[in-house]
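Each remark here refers to the structure printed beneath this line.
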Amino acid sequence: MSPSPAERADVLRRQIEDAGKAYHERDELLIPDADYDALVRELEALEQAHPELARADSPTRRVGGKASSRFAEVRHVVPMLSLGNAFSDEEVQDFVRRIGERLRRDALYFSAEPKLDGLAISLRYEDGQFVQGATRGDGATGEDVTANLRQIRVIPHRLQGEGWPDVLEVRGEVYMARADFEAYNADARLHDGKVLANPRNAAAGSLRQLDPKVSARRKLSFFAYGTGEVRGGELPATHSATLAQLRAWGFPVSDLCQVVEGSEGLLAYYRDIGERRDGLAFDIDGVVYKLDDRAGQEQMGFVSRAPRWAIAHKFPAQEQTTTVEAIEIQIGRTGAATPVARLDPVAVAGVIVSNATLHNADQIARLDVRVGDTVIVRRAGDVIPEVVSVIAERRPAGTAPWQMPTHCPVCGAEIVREEGAAAWRCSGELSCPAQRKEAIAHFASRRAMDIDGLGGKYIDTLVDAGIVRGVADLYRLQRDQLLQLKLVLDAGSPEALASQIGAHLPPEASGDYLRAILQLDGRDETWRAQALAMPAAFVWNTKKIATRWADNLIAAIDASRDTTLERLLFALGIEHVGESTAKALAAWFGDLALIRRLPWPLFKRVPDIGGEVARSLGHFFEQDGNQKAIDALITIGKVRITDTHRPSAKLRDGLDFAQVLVEAEIPGITRLRAEKLVAALPDAATLLDAEPVRFVAAGLPNDVALGLADWLDRDGHGHMLLKAEACRQELLALAPDQAEQIAGPLEGQTVVLTGTLAQMTRDDAKARLEALGAKVSGSVSRKTAFVVAGTEAGSKLTKAQELGVEVWDEDRLLAYLAAH
DNA sequence: ATGCCTCGAGTTCA
DNA sequence: CTCGAGGCAT
């Protein structure tokens with residue numbers, strides 16, 4: 001049976017998308033360009049022949065396409081800066097105060113302008129002629145979009161008037177007016193084209209079109225708001241006069257630009273624009289204030305990549321109303337049951353929101369969100385959608401308060417709440433497929449074992465099929481198994497796959513699909529020739545993509561076998577043990593064999609590990625299943641820890657038996673009492689043998705002595721104490737670790753990274769800072785030594801400024817790293 | 001006990 | 001990114 005056009009179209013779309021994604025996200029070529037083009041052409045032909053199959057999200061309509069979508073790079077001689085943000089009146093007043101103090105001036109004049117929601121660009125004029133236009137890019141380097149900018153009617157090709165500098169760069173915002181955006185989408189809907197999400201995306205997408213004719217059809221506009229490089233000429237001494245001059249030279253400048261005085265003037269302007277916002281012809285997301293006189297600007301200078309003389313005052317996150325269609329719960333890696341609201345999709349602050357976390361049952365109870373409710377949603381911090389409140393008047397009749405289900409929707413185990421905790425958990429542990437999948441995904445994740453290419457979709461299938469039950473099974477996977485898996489997944493189902501293949505194989509070759517495909521693997525020349533003779537490149541491409549994936553995944557799994565103790569400890573997914581704790585454990589103990597059998601009180605020897613984390617570690621390693629899983633990883637999986645070393649000598653400081661007793665958290669046992677106890681009963685064996693009277697004789701109050709006796713009898717505590725004592729002696733007997741690291745120049749300093757770095761990845765920067773002894777943390781506080789801010793730095797930069805923490809830009813970091 | 005400072009864990013969308 | 005909560009200094 002030959003595949004229906006619909007099935008065929010589905011397969012094509014999936015292949016095109018896989019290849020396109022690999023190319024865009026990883027710069028990886030899954031299939032040659034010619035093959036890719038063939039796939040796209042076939043899909044186009046199919047969609048034309050069967051218009052009912054054409055879909056708005058089809059890759060044939062994708063903006064930009066695939067290969068060659070690279071624009072030339074343009075280096076900005078004067079960097080295109082980002083702006084600091086203000087969200088409250090106070091922050092604006094602080095901004096004005098800082099300037100007043102530094103410039104020692106009472107009256108400050110600002111140029112205030114609307115902040116358009118578009119795309120920042122730079123236009124270069126030489127001898128009055130438009131020669132080049134570029135996007136902002138990372139601020140230092142952008143993309144050359146000259147051809148597309150020439151299509152924008154309001155951008156002058158030649159400067160008007162006179163007196164312009166020999167070289168003039170004009171900075172401004174390309175945007176799409178609301179009316180033009182609506183018209184575009186109406187047209188797109190009519191012709192079944194791709195509907196764009198918002199004017200901003202429309203502008204950005206249009207500008208990055210490769211074909212200028214395409215972007216010409218979309219009506220873009222432009223407002224100038226500043227200048228970049230200027231050579232062979234002078235600009236007026238104030239920003240406002242410069243804008244007027246730009247207008248005279250032929251540039252559109254918003255007529256909402258105004259000069260105002262002091263913070264009062266700024267705030268009045270903000271309110272005025274806020275009121276007029278909805279009536280404007282274009283979207284704005286705030287207003288921008290710039291110190292008007294250039295001399296003052298120069299005196300103020302820059303922090304990181306942002307000028308100190310300008311700030312963006314943002315409007316509050318946009319809110320929208322929508323309805324709650326369902327409240328589902330998701331089971332996380334630790335079993336945490338998180339309620340998520342499925343919403344009727346709605347556009348909030350530029351994106352379509354269809355899910356919003358409700359965080360936990362308390363939050364639902366507080367808001368009293370019910371299925372069917374109309375709610376207000378907001379994008380908190382402009383990213384993660386949240387439900388703000390319920391509109392009570394619009395609640396349908398007959399609803400009941402939402403309740404946490406009593407059983408896990410995935411495995412059916414009971415959902416329980418720990419005492420005093422906020423979170424409900426599925427009690428199924430690793431017998432719950434949801435938890436097992438998440439645990440495996442965590443194990444494979446980049447910061448853990450780093451098995452690239454093993455996404456959630458494949459883990460789902462592997463676990464559902466029973467091929468992978470635990471993490472060690474990953475190391476048993478065979479290439480052909482994976483190949484089959486991928487082929488079936490790509491086709492949607494084994495049946496779909498078989499029917500598709502049947503059509504393209506010669507009659508004598510049809511039959512078992514998988515066998516057919518597998519035999520194409522270069523081993524059988526006859527098959528190979530037949531495949532090449534097939535009418536469509538389909539089988540080849542399917543095969544090539546799948547083979548590539550399987551080979552890559554096998555290679556990634558193989559590469560993950562050599563790992564560090566830190567990564568493996570993190571990968572195990574022990575509760576409360578994240579990257580940082582795993583790193584500390586690895587550094588202090590150095591040896592998995594030791595860690596696996598360590599009684600929990602001894603984990604507290606490591607700074608930043610307290611009772612909770614230590615118990616969690618102990619609990620994990622007590623479980624037989626976990627020990628077996630680790631054994632399997634090592635023996636069957638051939639996982640090797642490459643950095644095993646001796647425990648740190650520092651572990652021995654203050655480590656006597658009395659301390660072990662204290663750290664075991666026995667009720668009533670203080671350091672003083674423990675010492676008395678040890679003086680009378682010097683080791684664990686003696687202690688265990690002793691009658692409670694001996695404890696009293698050693699100076700313990702009656703109730704504490706009885707409590708201790710009771711404690712020793714319960715829950716294997718006695719045995720644990722014996723083990724702890726044995727381990728303690730072992731640690732003491734170990735030769736001191738010679739390889740104590742030399743103190744780096746940043747030893748003991750905490751550094752925070754924020755924003756996007758252009759020259760290196762954040763992981764890279766982190767590793768290099770750590771190599772110098774720094775601790776790289778995620779949150780800014782007074783103790784932070786300095787904050788490294790890349791482009792688009794967010795709240796952490798703001799916080800650093802508030803706390804007066806030093807801010808480095810990327811160049812400074814690079815210079816520092818180079819010097820050390 | 002109280003109040004930082006961090007870390008861990010969970011999540012959204014392009 | 002944000003929230004909750006663990007660890008530790010006061």
Side-chain angles (χ1 to χ4, degrees), chain A residues 17 20-21 24-25 57 62-64 194 196-198 200-201 204-205 208 317 328-343 345-360 362-363 366 377-387 418 420-425 434-435 438-439 441-442 445 447-448 456 569-570 573-585 603-617 663 750-755 775-785 792-799 803 805:
Chain A
E17 258 156 29
K21 230 164 141 185
H24 284 299
E25 290 168 11
D57 63 347
R62 186 75 25 90
V63 173
K194 189 173 168 67
L196 299 165
N198 56 43
R200 207 200 98 79
N201 285 3
R208 300 188 80 259
E328 293 173 6
I329 62 169
Q330 285 178 357
I331 306 295
R333 169 167 69 88
T334 60
T338 312
V340 178
R342 303 279 172 226
L343 305 170
V346 63
V348 186
V351 299
I352 309 293
V353 169
S354 49
N355 300 312
T357 174
L358 291 163
H359 219 246
N360 56 43
D362 289 349
Q363 169 103 15
R366 190 158 58 243
V377 290
R378 165 173 75 190
R379 292 219 297 152
D382 246 12
V383 187
I384 295 176
E386 65 180 10
V387 173
E418 278 157 51
W424 291 76
R425 288 178 194 283
Q435 291 188 50
E438 293 295 325
H442 171 75
S445 68
R447 317 189 84 93
L569 281 171
F570 176 54
I574 303 165
E575 203 179 350
H576 295 131
V577 179
E579 262 189 300
S580 181
T581 306
K583 191 187 194 79
L585 286 166
F603 285 116
K604 297 215 291 188
R605 301 264 86 207
V606 179
D608 298 334
I609 293 184
E612 200 66 31
V613 180
R615 268 192 300 277
S616 168
L617 280 158
E663 286 178 352
T750 306
V751 178
V752 175
L753 302 174
T754 182
K775 191 176 180 91
V776 178
S777 152
S779 49
V780 180
S781 74
R782 265 179 289 266
K783 285 185 172 177
T784 310
E792 282 157 41
S795 61
K796 283 187 264 190
L797 176 57
T798 322
K799 180 135 190 223
L803 296 174
V805 170

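In what follows, chains are A, B, ... by sequence order, proteins preceding strands, each numbered from 1.
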Distance in angstrom units between A:K604 NZ and C:dG6 C1', rounded: 12 Å
Side-chain N or O of A:T581 less than 4.0 angstrom from OP1 or OP2 on B:dC7? no
Does a side-chain N or O of A:Q330 approach OP1 or OP2 of B:dT11 to a distance below 4.0 Å, or not? yes
Any side-chain N or O of A:N355 below 4.0 angstrom from OP1/OP2 of B:dT11? no
Just wondering, do A:V751 and A:T784 contact through their side chains at under 4.5 Å, heavy atoms? no
Length of the line joining A:R342:CZ and B:dC13:C1', which is rounded to integer Å: 14 Å
From CD of A:E579 across to P of B:dT6 the rounded distance in Å is 17 Å
Taking OP1 and OP2 of B:dC5, is either one under 4.0 Å from a side-chain nitrogen or oxygen of A:T750? no
Pairing residues for A:R342 by the salt bridge (Lys or Arg N to Asp or Glu O under 4.0 Å) criterion, not counting sequence neighbours: A:E328
Short side-chain N/O contact from A:S779 to OP1 or OP2 of B:dC7, under 4.0 Å: no
Out of B:dC13, B:dG10, B:dC5, minimum distance to the side chain of A:R333 belongs to B:dG10
With the criterion being N/O to N/O and under 3.5 Å, what pairs connect the protein with nucleotides 7-10 of chain C, and how long is each?
unit_1, atom_1, unit_2, atom_2, d
C:dG7, OP1, A:G610, N, 2.6
C:dG7, OP1, A:G610, O, 3.2
C:dG7, OP1, A:V613, N, 3.3
C:dG7, OP2, A:E612, N, 3.4
C:dC8, OP1, A:D608, N, 2.5

How many whole angstroms separate atom CH2 of A:W424 from atom P of B:dG10? 18 Å
Under the rule for salt bridge (Lys or Arg N to Asp or Glu O under 4.0 Å), what residues qualify as partners of A:K775, not counting sequence neighbours? none
Of the options B:dC13, B:dG10, B:dT11, whose atoms approach the side-chain atoms of A:V353 most closely? B:dC13
For the residue pair A:L617 and A:V577, establish whether any side-chain heavy-atom pair is separated by less than 4.5 Å. yes
Name the residue closer to the 5' end of DNA chain C, choosing between A:H576 and A:G778 according to the nucleotide with the nearest heavy atom. A:G778
When you measure from the side chain of A:S616 to the backbone of A:E575, do you find a donor-acceptor pair of N or O atoms at a distance under 3.5 Å? yes
Distance, rounded to the nearest Å, where A:I574 contributes CD1 and C:dG6 contributes C1': 17 Å
Quick check: do A:V613 and A:I574 have side-chain heavy atoms less than 4.5 Å from each other? no
Taking CZ from A:R447 and P from B:dA9, how many angstroms apart are they, rounded to a whole number? 14 Å
Using a strict cut-off of less than 4.0 Å between a Lys/Arg side-chain nitrogen and an Asp/Glu carboxylate oxygen, indicate whether A:E663 and A:K604 qualify as a salt bridge. no
Value in whole Å for how far the P atom of B:dG10 lies from CD1 of A:I331: 11 Å
Atom CZ of A:R425 and atom P of C:dA5 are separated, to the nearest Å, by 10 Å
State which of B:dA14, B:dA9, B:dT6 makes the closest approach to the side chain of A:I352. B:dA14
Side-chain contact test, heavy atoms from C-beta onward, threshold under 4.5 Å: evaluate it for A:R782 versus A:V805 and give yes or no. no
Checking all strands, does A:S777 fall into the base, sugar-phosphate, or nothing category for heavy-atom contacts under 4.0 angstrom? sugar-phosphate
Is the shortest side-chain N/O distance from A:S354 to OP1 or OP2 of B:dC13 below 4.0 Å? yes
